[in-house]
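These notes are about the structure you will find just below.
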Amino acid sequence: MKTKYIFVTGGVVSGLGKGITASSLGRLLKNRGYKVTIQKFDPYINIDPGTMSPYEHGEVFVTDDGAETDLDLGHYERFIDESLTKNSSITSGKIYQSVIEKERRGDYLGKTVQVIPHITNEIKEKIYSFEDKNIDIVITELGGTVGDIEGLALIEAIRQVGLERPKEDVLYIHVTLLPHITGSNELKSKPTQHSVKELQSFGIKPDILVCRTEYEIPKDMRNKIALFCNVRPNQVIQNMTADNLYAVPLMLEKEGLAEVVCEQLKLDNNQAMNQDWEKMIENIRNIDKNNRVKIAIVGKYVRLEDSYLSVAESLNHAGFENNVKIDIKYIDSEKINKDTVKELLKDVDGVVVPGGFGSRGINGKIETIKYVRENKIPFLGICLGMQLSVIEFAKNVLKIDDVDSAEFNENTKNPVIHIMEEQINIDKKGGTMRLGAYPCILKEGTLAQKLYKESEISERHRHRYEFNNKYKKQLEDFGMICSGTSPDGNLVEIVEYKEHPYFIASQFHPEFKSRPNRPHPLFVGLVKASKERRYKNGKE
């Protein structure tokens with residue numbers, strides 16, 4: 001079949017859940033047997049979010065092919081359970097960079113380079129890049145809200161797609177807000193009307209309106225919105241706040257979103273195979289609210305919880321598997337020291353030290369790792385968390401003087417974490433990090449091998465510094481096991497401590513591959529150990 005295109009835009013305010021809407025629709029269409037992919041266009045001029053502070057856009061999500069992307073790609077992957085690529089994350093910066101490079105090469109034959117057609121053509125090229133790749137439906141989310149000056153070229157490009165492709169191959173979904181006025185106790189449709197009017201002024205007539213609301217939309221209001229926004233009443237889709245993020249697809253199914261989409265795109269509205277998803281949601285809702293486990297995430301970007309979004313979601317997935325509710329306690333690592341660590345961690349059942357860059361907050365993380373190791377609190381270290389686990393162990397168990405990472409102290413006498421010679425050579429050529437999926441061989445009989453139930457795995461990386469093999473034998477002699485390595489054995493990927501109920505740390509980011517219906521084993525193991533610690537012999 002010909003590739004179909006769905007564009008998801010947003011209006012009124014940001015943060016309405018365009019990404020969740022796109023992800024949920026992707027899941028519903030996939031459950032009807034269609035091959036779906038999702039991409040995100042962000043209007044900012046940065047090439048990608050890789051060098052941006054997490055406080056700007058939350059976490060950086062990494063794909064198998066090493067693209068540093070917007071966190072919405074994490075939602076896409078978790079909902080549709082497909083591994084996305086660099087073609088799924090495009091910024092205005094990438095578009096302009098590509099056009100300028102073509103202009104410098106002379107590709108435009110001396111023509112004046114303009115937003116139309118050169119920038120818009122480049123955008124469309126990214127949209128059409130999925131054709132002839134066995135993809136039935138491409139869902140494209142546009143970041144920002146309609147009317148933002150930096151997003152105008154994106155709006156113009158998707159308008160042109162609607163002209164270049166047959167009418168039945170292109171669909172526009174507009175996500176808006178229906179605010180509730182407490183004083184008069186009523187929903188207001190005027191912001192939605194104005195937002196649709198704004199979109200129409202750019203030449204795009206939305207086919208479906210997804211209205212975010214805290215309350216049921218009365219029938220007369222649906223009819224009013226339909227009349228004033230030039231759509232049919234069944235094309236006004238209610239999107240209420242769900243009790244669980246992963247329940248949104250089923251809620252939108254009930255609202256008829258996928259049915260309307262199939263009708264508009266002239267697709268067979270195959271029977272929706274939602275049974276597995278329904279069973280998952282039923283199991284989540286049946287978890288006893290009194291069965292709770294508290295996990296601390298100790299990081300330096302905790303003021304914005306989206307900085308650790310995939311970690312938090314992975315903990316929730318592991319909670320589903322272990323039949324417990326997860327209470328996440330975000331702790332600023334800069335507030336942790338020898339005097340405060342016990343007080344800050346006294347009420348938690350498990351601890352995650354996630355990835356990060358730079359030296360700020362490092363001492364607090366090391367103090368945290370020392371405390372959980374000595375007090376047998378279940379622990380998972382991720383990327384930097386693994387590197388700091390090695391530093392803490394070398395410092396406090398092996399009693400090595402002046403031990404550190406070369407990232408924080410280039411002159412340290414004992415760089416247990418360093419840049420390898422091969423990396424230095426790569427760096428000179430312009431590469432700076434190990435990004436994307438790499439294979440890992442697990443050591444037989446280790447905790448890692450027990451958790452994965454496999455001998456070889458593939459996980460996603462985002463880091464520059466590595467474990468220094470010079471110290472490997474010393475560390476293992478004192479009880480730290482290097483349980484996962486690269487196939488050639490040169491790169492240590494996982495360490496664990498055998499004198500502990502659950503102490504494991506990975507150089508990679510396991511959170512990027514966790515799914516609500518397929519939780520990641522490292523998180524499942526952490527939550528299981530934390531649950532056992534909290535409910536010893538069935539008693540809290």
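Values in this document were obtained by computation on a predicted structure and should not be read as measured data.
- Side chain of Thr91 to backbone of Asn46: a donor-acceptor contact under 3.5 angstrom is found.
- The pair Glu77-Arg460 counts as a salt bridge, with a side-chain nitrogen and a carboxylate oxygen less than 4.0 angstrom apart.
- Taking the side chain as every heavy atom from C-beta outward, Ile137 and Ile6 approach each other to under 4.5 Å.
- Inspection of the Arg212 and Thr21 side chains reveals no N or O donor paired with an N or O acceptor under 3.5 Å.
- When all heavy atoms of Phe408 and Leu388 are compared, the pair lying nearest together is CE1-CD2, 4.0 Å.
- Among pairs with a residue in residues 4-16, those fulfilling side-chain hydrogen bond (donor to acceptor under 3.5 Å, both in side chains) read Lys4-Asp169, Tyr5-Glu131, Thr9-His174, at least two apart in sequence or across chains.
- A heavy-atom distance below 4.5 Å is found between the side chains of Leu171 and Val261.
- Figure legend: Arg360 and Tyr301 shown as a cation-pi pair, the cationic atom lying under 6.0 angstrom from the six-membered ring centre and within 45 degrees of its axis.
- For Glu459 (side chain) and Ala437 (main-chain N/O), no donor-acceptor pair under 3.5 Å exists by modelled atom type.
- Around the CG atom of Asp288, the shell of radius 6.0 Å holds more than 12 heavy atoms that belong to other residues, nucleotides or ligands.
- Looking only at side-chain heavy atoms (C-beta outward), Asn322 and Val524 come within less than 4.5 Å of each other.
- Thr69 and Ser89 form no side-chain donor-acceptor contact under 3.5 Å, judged by distance and modelled atom types alone.
- Applying the side chain to side chain contact (heavy atoms under 4.5 Å, CB included) rule to Lys86 yields the partners Asp65, Ala67; only residues at least two apart in sequence or on another chain are considered.
- Ring geometry, Phe379 versus Phe503: the interplanar angle falls from 30° to 60°, so the pair is classed tilted.
- Counting heavy atoms from C-beta on, the side chains of Asn239 and Thr213 never come closer than 4.5 Å.
- The line from CD of Glu321 to CG of Asn323 is 10.0 Å long, rounded to the nearest 0.5 Å.
- Using a cut-off of 4.0 Å between Lys/Arg side-chain N and Asp/Glu carboxylate O, Glu156 and Lys124 are scored as not salt-bridged.
- Inspection of the Gln507 and Tyr465 side chains reveals no N or O donor paired with an N or O acceptor under 3.5 Å.
- Looking only at atom types and distance, the side chain of Glu253 has a donor-acceptor partner in the side chain of Asn274 under 3.5 Å away.
- Pro206 and Val196 make their closest contact through CG-CG1, 3.9 Å (heavy atoms, listed as atom of the first residue, atom of the second, distance).
- Proximity of a side-chain donor or acceptor of Ser23 to a complementary backbone N or O of Gly19 within less than 3.5 Å is detected.
- Remark: Glu334 does not engage Lys300 in a salt bridge, criterion side-chain N to carboxylate O under 4.0 Å.
- Between Lys40 and Asp42 there is a salt bridge, since a side-chain N of the basic residue sits under 4.0 Å from a carboxylate O of the acidic one.
- Side chain of Thr192 to backbone of Leu177: a donor-acceptor contact under 3.5 angstrom is found.
- Ring orientation note: the planes of Tyr172 and Phe7 are close to parallel, at an angle under 30° on the 30°/60° scale.
- Between Glu56 and Tyr44 the shortest side-chain heavy-atom distance does not fall below 4.5 Å.
- For Thr120 against Ala157, the heavy-atom pair with the smallest separation is O-CB, 4.0 Å.
- Salt bridge annotation for Asp81-Arg518: present, with a cationic side-chain nitrogen under 4.0 angstrom from a carboxylate oxygen.
- Residue pairs that meet the salt bridge (Lys or Arg N to Asp or Glu O under 4.0 Å) test with at least one member in residues 346-357, sequence neighbours left out, are Lys294-Asp347, Lys329-Asp347, Glu343-Lys346, Asp349-Arg534.
- Checked against a 6.0 Å centroid threshold, the rings of Tyr438 and Phe508 do not count as neighbours.
- Note on residues 67-96: pairs passing ring-ring contact (aromatic ring centres under 6.0 Å, His included), not counting sequence neighbours, are Phe79-Tyr246.
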| task | Could you please spell out the steps behind the salt bridge (Lys or Arg N to Asp or Glu O under 4.0 Å) verdict for Glu407 and Arg464? | result | CA-CA 9 Å; Glu407 179 181 4; Arg464 185 181 184 186; over 6 Å; no

| message | Checking Glu82 against Lys30 for the salt bridge (Lys or Arg N to Asp or Glu O under 4.0 Å) test, could you report, in this order, the C-alpha distance in whole Å, the side-chain angles of both residues, the deciding distance, and whether it holds? | response | CA-CA 10 Å; Glu82 299 285 346; Lys30 182 177 179 179; 2.9 Å; yes

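- Aromatic ring orientation, Phe523 versus His520: perpendicular (interplanar angle above 60°, classes split at 30° and 60°).
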| field | Criterion side-chain contact (heavy atoms from CB on, under 4.5 Å) on Leu25 and Leu257, from CA distance to verdict | value | CA-CA 8 Å; Leu25 177 58; Leu257 175 61; 4.1 Å; yes

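- Side-chain contact between Lys188 and His180 is absent, with no heavy-atom pair separated by less than 4.5 Å.
- One N or O on the side chain of Glu255 and one on the backbone of Gln238 form a donor-acceptor pair closer than 3.5 Å.
- Between Ile328 and Leu315, the closest side-chain pair of non-hydrogen atoms falls below 4.5 Å.
- What you find for Val60 and Pro49 is that their closest heavy atoms are CG2-O, 3.4 Å.
- Here the options are Asn363, Leu344, Ile366, the test is side-chain contact (heavy atoms from CB on, under 4.5 Å), and the partner is Ile336; only Leu344 passes.
- Nearest heavy-atom pair across Ser24 and Leu252 is CB-CD1, 3.8 Å.
- Residues meeting the side chain to side chain contact (heavy atoms under 4.5 Å, CB included) test with Pro439, sequence neighbours left out: Glu456, Pro487.
- A donor-acceptor pair shorter than 3.5 Å can be found between the side chains of His317 and Ser514.
- Side-chain contact check for Thr241 and Glu214: at least one donor-acceptor pair (N or O, by modelled atom type) lies under 3.5 Å.
- More than 12 heavy atoms of other shown residues, nucleotides or ligands fall within 6.0 angstrom of atom CD1 in Ile181.
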| task | Kindly determine whether Arg462 and Glu68 satisfy salt bridge (Lys or Arg N to Asp or Glu O under 4.0 Å), including the steps that lead there. | result | CA-CA 9 Å; Arg462 183 178 181 245; Glu68 295 177 287; 2.7 Å; yes

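- Of all the heavy atoms in Leu451 and Gly525, the pair that sits closest is CD2-CA, 3.9 Å.
- Side-chain atoms of Ser98 and Glu122 include a donor-acceptor pair closer than 3.5 Å.
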| Yes or no on salt bridge (Lys or Arg N to Asp or Glu O under 4.0 Å) for Asp136 and Lys35, after CA distance, side-chain angles and deciding distance? | CA-CA 5 Å; Asp136 297 325; Lys35 292 175 181 175; over 6 Å; no

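- Side-chain N or O atoms of Ser310 include none that pairs as donor or acceptor with a backbone N or O of Phe61 at under 3.5 Å.
- With sequence neighbours left out, the salt bridge (charged side-chain N to carboxylate O under 4.0 Å, His left out) criterion links Lys528 to Glu532.
- Counting only distance, with no hydrogens or angles, the side chain of Asp70 and the backbone of Asp72 share a donor-acceptor pair below 3.5 Å.
- Taken from OG1 in Thr145 to CG in Asp148, the straight-line distance is 3.5 Å, to the nearest 0.5 Å.
- A 4.5 Å side-chain heavy-atom check between Ile158 and Ile127 finds at least one atom pair inside the cut-off.
- Ile237 pairs in a side-chain contact (heavy atoms from CB on, under 4.5 Å) with only one of the listed residues (Ile217, Ile208, Leu209), which is Ile208.
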